[in-house]
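Notes for the one structure printed next.
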Amino acid sequence: MLIDINAYTGHWPFKRLRGNSCGGVLERMKEYGTDLSVITNLNGVFYKNTQSANEELYEEVRSKRAFNDRFLPFGIINPIYAGWKDDFSTCVKNFGMKGIRVFPNYHDYTIDDPNLLDLVKMARDNDVAVALTMRIVDSRQRSWMDLSTEWALKDYLPLLRAVPDAKFMLLNLGTPLAMSEEDERTIREGNVLIDTSGRYITNFASFVKRFGKNRFAFGTHFPVLDYYTGLLRIESLRKEEADEADRELFMHLNASRFLKL
């Protein structure tokens with residue numbers, strides 16, 4: 001079995017994406033043998049009202065029977081937008097979403113914003129995962145209209161410490177992981193799942209040794225990134241680095257446990 005914890009539908013305004021619909025993602029899933037994908041609508045990063053994107057995603061997933069059992073939608077919530085609590089309730093209770101994604105850098109609020117803390121606590125109380133994206137695109141090839149800086153993993157750690165009993169997904173690691181022992185302990189001891197799509201996971205075995213084999217799961221960041229790199233990091237592990245039981249953890253068991261599938 002194979003579960004992808006980081007995929008998208010929707011558009012990116014500064015780059016043409018291919019396969020950026022449920023049908024397009026499903027084609028790639030079939031090609032690589034992926035059974036289930038956590039999916040988010042990228043439009044919500046740029047819509048003033050992120051809930052419109054969540055509704056689009058929910059409607060698209062429901063539109064075909066073939067999508068129903070293959071996608072696990074996550075909503076995008078902007079906690080400084082009016083009505084966000086209602087949006088959260090709709091996503092979790094009406095749409096059945098098991099996770100939400102936040103984009104503080106794109107939605108222009110700080111990591112210690114009280115509304116964000118309230119949102120994460122609501123997610124914790126509803127047993128909903130909070131997905132934090134380190135980068136969407138490589139800032140070195142950014143559009144002049146896109147953000148000029150990207151957040152590093154260390155920028156998100158105060159949130160993990162502020163609500164230590166919440167469930168966090170750390171996606172598409174894109175900056176060097178120069179971290180203190182306290183920072184590393186925050187990740188090792190937290191309820192954290194890291195996907196394999198990030199550019200800086202060049203030596204996956206060393207990351208597993210550093211943070212623990214229960215902290216990683218297959219993720220593609222497709223269609224922004226190519227589909228295969230996140231899977232190749234798992235497949236390229238040598239026998240002395242990971243046995244078959246470990247590979248099963250990375251391919252689906254960690255994601256199943258974390259998301260209670």
Side-chain angles (χ1 to χ4, degrees), residues 4-13 20 22 37-62 71-137 147 150-151 153 155-172 190-195 219 221 224 255 258-260:
D4 176 8
I5 67 167
N6 183 13
Y8 298 98
T9 61
H11 298 279
W12 187 249
N20 56 326
C22 283
S37 289
V38 171
I39 199 162
T40 304
N41 188 349
L42 266 177
N43 296 338
V45 178
F46 291 94
Y47 283 177
K48 181 178 179 180
N49 181 2
T50 62
Q51 188 64 3
S52 298
N54 300 332
E55 292 168 355
E56 287 177 353
L57 178 62
Y58 178 68
E59 291 165 3
E60 185 178 9
V61 171
R62 291 186 63 202
F71 294 113
L72 190 66
F74 272 31
I76 295 178
I77 302 294
N78 180 356
I80 64 169
Y81 187 78
W84 69 266
K85 291 183 180 180
D86 291 334
D87 296 343
F88 176 89
S89 179
T90 298
C91 287
V92 173
K93 296 179 181 179
N94 297 351
F95 296 169
M97 294 180 175
K98 291 181 175 291
I100 53 117
R101 297 183 74 152
V102 294
F103 294 86
N105 46 352
Y106 278 94
H107 293 156
D108 196 26
Y109 56 88
T110 60
I111 202 68
D112 60 352
D113 189 287
N115 285 340
L116 175 60
L117 295 177
D118 286 346
L119 171 59
V120 173
K121 290 174 182 177
M122 286 176 63
R124 174 201 62 196
D125 294 343
N126 286 272
D127 197 24
V128 168
V130 178
L132 309 172
T133 306
M134 307 300 105
R135 66 157 47 159
I136 299 181
V137 295
L147 297 181
E150 60 187 29
W151 285 24
L153 177 56
D155 296 315
Y156 288 95
L157 293 181
L159 183 61
L160 274 67
R161 296 189 184 108
V163 195
D165 49 350
K167 295 164 55 173
F168 293 100
M169 295 167 65
L170 307 178
L171 306 177
N172 194 21
N191 194 358
V192 171
L193 194 63
I194 305 170
D195 88 318
H221 202 65
V224 181
F258 186 87
L259 296 171
K260 297 184 178 180

Item to complete: List the atom of H107, the atom of G44, and the distance in Å for their closest heavy-atom pair.
Response: NE2-O, 3.4 Å
Worksheet item: Could you go step by step and tell me if N54 and N41 meet the side chain to side chain contact (heavy atoms under 4.5 Å, CB included) rule?
Response: CA-CA 7 Å; N54 300 332; N41 188 349; 5.6 Å; no
Worksheet item: What distance separates L57 CG from I39 CD1, expressed to the nearest 0.5 Å?
Response: 6.0 Å
Worksheet, complete the sentence: Closest non-hydrogen contact found for A123 with V130 is CB-CG2, 3.6 Å
Item to complete: Indicate yes or no: at least one non-hydrogen side-chain atom of L193 is less than 4.5 angstrom from one of D195.
Response: no
Worksheet, complete the sentence: Here the gap from I194 atom CD1 to N172 atom CG, rounded to the nearest 0.5 Å, amounts to 12.5 Å
Discussion item. Looking at every heavy atom in both I77 and C91, which two are closest together, and how far apart are they?
Written reply: CD1-SG, 4.2 Å
Item to complete: Could you tell me whether the side chain of V38 reaches within less than 4.5 Å of the side chain of N6, counting heavy atoms only?
Response: no
Discussion item. Side chains of K48 and N78, heavy atoms from C-beta outward: is any pair under 4.5 Å?
Written reply: no
Worksheet entry | Listed partners of F71 passing ring-ring contact (aromatic ring centres under 6.0 Å, His included), at least two apart | F67
Item to complete: Say whether, by atom type as modelled, one donor and one acceptor occur between the side chain of S89 and the main chain of K85 under 3.5 angstrom.
Response: no
Fill in: Residue list, side chain to side chain contact (heavy atoms under 4.5 Å, CB included) with V163, at least two apart or on another chain
L117, V120, K121, R124, D165, A166
Worksheet, complete the sentence: Across all chains, not counting sequence neighbours, the side chain to side chain donor-acceptor pair (under 3.5 Å) partners of N20 are H11
Item to complete: Quick one: list whatever passes side chain to side chain contact (heavy atoms under 4.5 Å, CB included) with T110, sequence neighbours left out.
Response: D112, D113
Fill in: Results of ring-ring contact (aromatic ring centres under 6.0 Å, His included) for Y47 - residues two or more places apart only
none
Practice prompt. With sequence neighbours excluded, tell me which residues meet salt bridge (Lys or Arg N to Asp or Glu O under 4.0 Å) with K93.
Written response: none
Worksheet, complete the sentence: Distance col, row L132:CG vs I111:CD1, nearest 0.5 angstrom, shows 6.5 Å
Response to the item:
Between Y109 and F103 the two heavy atoms that sit nearest each other are OH-N, 3.9 Å
Worksheet item: Are W12 and V224 side-chain neighbours, meaning at least one heavy-atom pair lies under 4.5 Å?
Response: no
Worksheet item: How many angstroms lie between OG1 in T90 and CG in D86, if you round to the nearest 0.5 Å?
Response: 6.5 Å
Worksheet item: What are the two closest heavy atoms between M169 and I5, and how far apart are they?
Response: CE-O, 3.5 Å
Worksheet item: CG of L147 to CG of N105: how many Å apart, nearest 0.5 Å?
Response: 5.5 Å
Worksheet entry | Which residues share a salt bridge (Lys or Arg N to Asp or Glu O under 4.0 Å) with K98, sequence neighbours left out | none
Worksheet item: Who pairs with F258 by ring-ring contact (aromatic ring centres under 6.0 Å, His included), at least two apart in sequence or on another chain?
Response: none
Fill in: Test side chain to side chain contact (heavy atoms under 4.5 Å, CB included) applied to N49 - qualifying residues, sequence neighbours left out
Q51, S52, Y81, D87
Discussion item. Restricting to side chain to side chain contact (heavy atoms under 4.5 Å, CB included), what partner residues turn up for R62, sequence neighbours left out?
Written reply: Y58
Worksheet entry | CD1-CE distance between I76 and M97, expressed to the nearest 0.5 angstrom | 9.5 Å
Worksheet, complete the sentence: Sorted by chain and number, sequence neighbours left out, ring-ring contact (aromatic ring centres under 6.0 Å, His included) with Y8 holds for H221
Worksheet entry | Minimum heavy-atom distance M134-L153, with the two atoms named | SD-CA, 3.6 Å
Discussion item. Holding to side chain to side chain donor-acceptor pair (under 3.5 Å), I want the full list of residues that pass it with T133, two or more places apart in sequence or in another chain.
Written reply: R101
Item to complete: Decide yes or no on side chain to side chain contact (heavy atoms under 4.5 Å, CB included) for Y156 and V102, but give the supporting numbers first.
Response: CA-CA 11 Å; Y156 288 95; V102 294; 5.7 Å; no
